[in-house]
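Input: a single structure, listed below in structure tokens.
Just so you know, ligand 1 is whichever comes first in the structure, and atom 1 is the first atom listed for that ligand.
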Amino acid sequence: MTGFKQADGKRVAVVGGGIIGCLTALYLKRLGAVPTIFEKGASGRESSWAGAGILCPIHPWLYPDSFTQLVDSSLSMFSAMNAMLEELSGLKTEWCRSGLLIPMFADDRIHHGEDALAWSKRFGWKVEELDSNQCCEHEPTMSKQVGGALLWPEVGQVRNPRLLAAVRKALENTHVQIREHAEVIGVGKNRQGDVSSVKIADGGSVDVDAVLLAAGSWSGDLARQIGLELPVEPVKGQIVLLKDEPGRVKHIIKHDDVYLVPRIDGHILVGASMERVGFKAGTTEPVVNKLLDATYRITPGLKDARIVEQWMGFRPGSPDGMPYLGPVEGHPGLWVATGHYRNGVALAPGTADIMSRWIMGEAPSMDLSDFRVDRRASNSELVGFPNT
Ligand SMILES: Cc1cc2nc3c(=O)[nH]c(=O)nc-3n(C[C@H](O)[C@H](O)[C@H](O)COP(=O)(O)OP(=O)(O)OC[C@H]3O[C@@H](n4cnc5c(N)ncnc54)[C@H](O)[C@@H]3O)c2cc1C
């Protein structure tokens, strides 16, 4: 297999079989470690499956610069990650650069135009300003009320279930063990105080040399069991799936709190709510109707699109909207990669690359202090936990 090192015997327990845990396990394997994924249910079924796969943060200018740097670094790895996954799995992730269009209407809740332009210029993101006619030419289903739009032509997307299927196949083909229905309930330490095992809910325990906590929305609860304070909690997001003619909607369209993500076969994801309701599962009629109303207002041309399905997922929220990455002080051998909130797919290759190298002894080349596990993150109203 291209680029895979001989195993050096470092046993790493990866807790959580979402995109963060699975991809980091694959990258660890590539560096010669012997990772095992422990997953409480079936792997790749939670937030990573449910998400929209937009490869760009919503309103990135609201975050500190270090966040954009982390995003940029991760996005620069997407092409190589995709090639590796396709080679190892023989499957397609449907990664493509569909572009992202932000239409602007007179009654927008917040006018982001100037901030978006300034941020794009500062970080070298290609952006085009479209007038109303150009916007409707790009997207014929768009409302004629649109005043203009910004287009980021290079923004990409990936189809989450396909990405996860490819990662899973790649893990199987590289002989990484995935232990499903194996909930981790704690860690054990050796005489020196190093983390040296994971305890499983069925009463078993497995000896390891390092543990990576990548348990998505459940990370806060698990951390507490280990004696750590990690303010990660679920932020529920509901999605409605439409089916239209393939190619009629070309770009991701984002307006206020709603986005439309067109897949190549004519499916269009409409998302997503932001609800702080704990682990209360299921979709609700008012939220689904709100998403549909917004869709028909922004793109009335989609009124005839068939409503196919609806689902929801729990984003691993953090108060400042940014992930926790790195070692845990006072618990040698324990590592964290969680709290990716609304951006875990965009941040997946960057996270996997950084964490796998770090666990294998290579210090990160970028300053990650804004993402450290013991930071005192306060709720940043615009990107952190929602009020309700
Ligand atoms: C509606 C919605 C839309 C989104 N849109 C986007 C987007 O467009 N772009 C983007 O980049 N991101 C998006 N996201 C966010 C993104 O999906 C998440 O940030 C990302 O999937 C987090 O991955 P994860 O592996 O940390 O979590 P998860 O995928 O939730 O995986 C965590 C896993 O850990 C397992 N686990 C938990 N506790 C234990 C335990 N004790 N023992 C063993 N296993 C355990 C869980 O069962 C789960 O499988 C969206 C999310 C949602 C819900």
Do Lys29 side-chain atoms and Thr174 backbone N/O form a donor-acceptor pair below 3.5 Å?
yes
Atom indices of ligand 1 within 4.0 angstrom of His340 heavy atoms, with elements
19 (O)
In terms of ring plane angle, is the pair Trp218 and Phe314 parallel, tilted or perpendicular, where the classes change at 30° and 60°?
perpendicular
Any idea which protein heavy atom is nearest atom 42 (N) of ligand 1, and the distance to it?
Val184 N, 3.0 Å
Side-chain donor-acceptor pair present, Ser43, Arg168, cut-off under 3.5 Å:
yes
Looking only at the side chains, is there a donor atom on one of Ser217 and Glu233 sitting less than 3.5 Å from an acceptor on the other?
no
For the residue pair His59 and Trp61, does the interplanar ring angle fall in the parallel (under 30°), tilted (30 to 60°) or perpendicular (over 60°) class?
tilted
With a cut-off of 4.0 Å, which atoms of ligand 1 are near a heavy atom of Ile239?
1 (C)
Can you check which of Phe38, Tyr341, Trp218 brings a heavy atom nearest to atom 19 (O) of ligand 1?
Tyr341
Gln192, CD atom: more than 12 neighbouring heavy atoms under 6.0 Å
yes
Which ligand 1 atoms does Gly313 reach within 4.0 Å, using its non-hydrogen atoms?
53 (C)
Protein heavy atom at shortest distance from atom 28 (P) of ligand 1:
Ser48 OG, 3.7 Å
Just distances here: any N/O of Arg342 and N/O of ligand 1 closer than 3.5 Å?
yes
Please determine if Arg224 and Asp221 form a salt bridge, counting it only when a charged side-chain N lies under 4.0 Å from a carboxylate O.
yes
For atom 50 (C) of ligand 1, the closest protein heavy atom turns out to be Gly51 CA, 3.7 Å
With only distance considered, is Leu347 within less than 3.5 Å of ligand 1 through an N or O on each side?
no
Between Asp244 and Arg306, is the salt bridge (charged side-chain N to carboxylate O under 4.0 Å, His left out) condition met? List the steps.
CA-CA 7 Å; Asp244 195 58; Arg306 193 157 54 85; over 6 Å; no
protein heavy-atom neighbour closest to atom 5 (N) of ligand 1 works out as Ala52 N, 3.1 Å
To which protein heavy atom is atom 44 (N) of ligand 1 closest, and what is the distance rounded to 0.1 Å?
Lys40 N, 2.9 Å
Ligand 1 atoms in contact with Ile20 (distance to a heavy atom under 4.0 Å):
23 (O), 24 (P), 25 (O), 26 (O)
So, Asp353 and Arg357, do they make that salt bridge, N to O below 4.0 Å?
yes
Using a strict cut-off of 4.0 Å, indicate which atoms of ligand 1 neighbour a heavy atom of Gly17.
33 (C), 34 (O)
To atom 37 (C) of ligand 1, the nearest of Ala337, Gly216, Ser217, Ala215 on a heavy-atom basis is Ala215
Just checking, is any N or O donor in the side chain of Thr338 or Ser219 under 3.5 Å from an acceptor N or O on the other one?
yes
Residue, atom and distance of the protein heavy atom nearest atom 34 (O) of ligand 1 read Gly16 CA, 3.2 Å
With nothing but distance in play, are any N or O atoms of Gly344 less than 3.5 Å from an N or O of ligand 1?
yes
Sequence neighbours left out, what passes side chain to side chain donor-acceptor pair (under 3.5 Å) with Asp115? Give chain and number order.
none
Element-labelled atoms of ligand 1 that are located less than 4.0 Å from some non-hydrogen atom of Val15
40 (C), 42 (N), 43 (C)
I'd like to check whether Ile19 has a polar contact with ligand 1, where a contact means an N/O of the residue lying under 3.5 Å from an N/O of the ligand.
yes
In ligand 1, the atoms that come under 4.0 Å of a heavy atom of Ile54 are 7 (C), 8 (O), 9 (N), 10 (C), 11 (O)
Whether Tyr259 lies under 4.0 Å from ligand 1, heavy atom
yes
Can you sort out the partners of Arg191 under side chain to side chain donor-acceptor pair (under 3.5 Å), two or more places apart, ordered by chain and number?
none
Looking only at protein heavy atoms, which one is nearest to atom 18 (C) of ligand 1, and how far off is it?
Ser47 OG, 3.4 Å
With no hydrogens and no angle check, is any side-chain donor or acceptor of Lys236 less than 3.5 Å from a backbone partner on Gly282?
yes
Closest protein heavy atom (residue, atom, distance) for atom 47 (O) of ligand 1:
Glu39 OE2, 2.6 Å
Test item, Gly53 contacting ligand 1 (heavy atom, 4.0 angstrom):
yes
Under 4.0 Å from a heavy atom of Ala182: which atoms of ligand 1 are those, numbered in the order shown and with their elements?
43 (C)
Are more than 12 heavy atoms, taken from residues, nucleotides or ligands other than Lys126, located less than 6.0 Å from that residue's NZ atom?
no
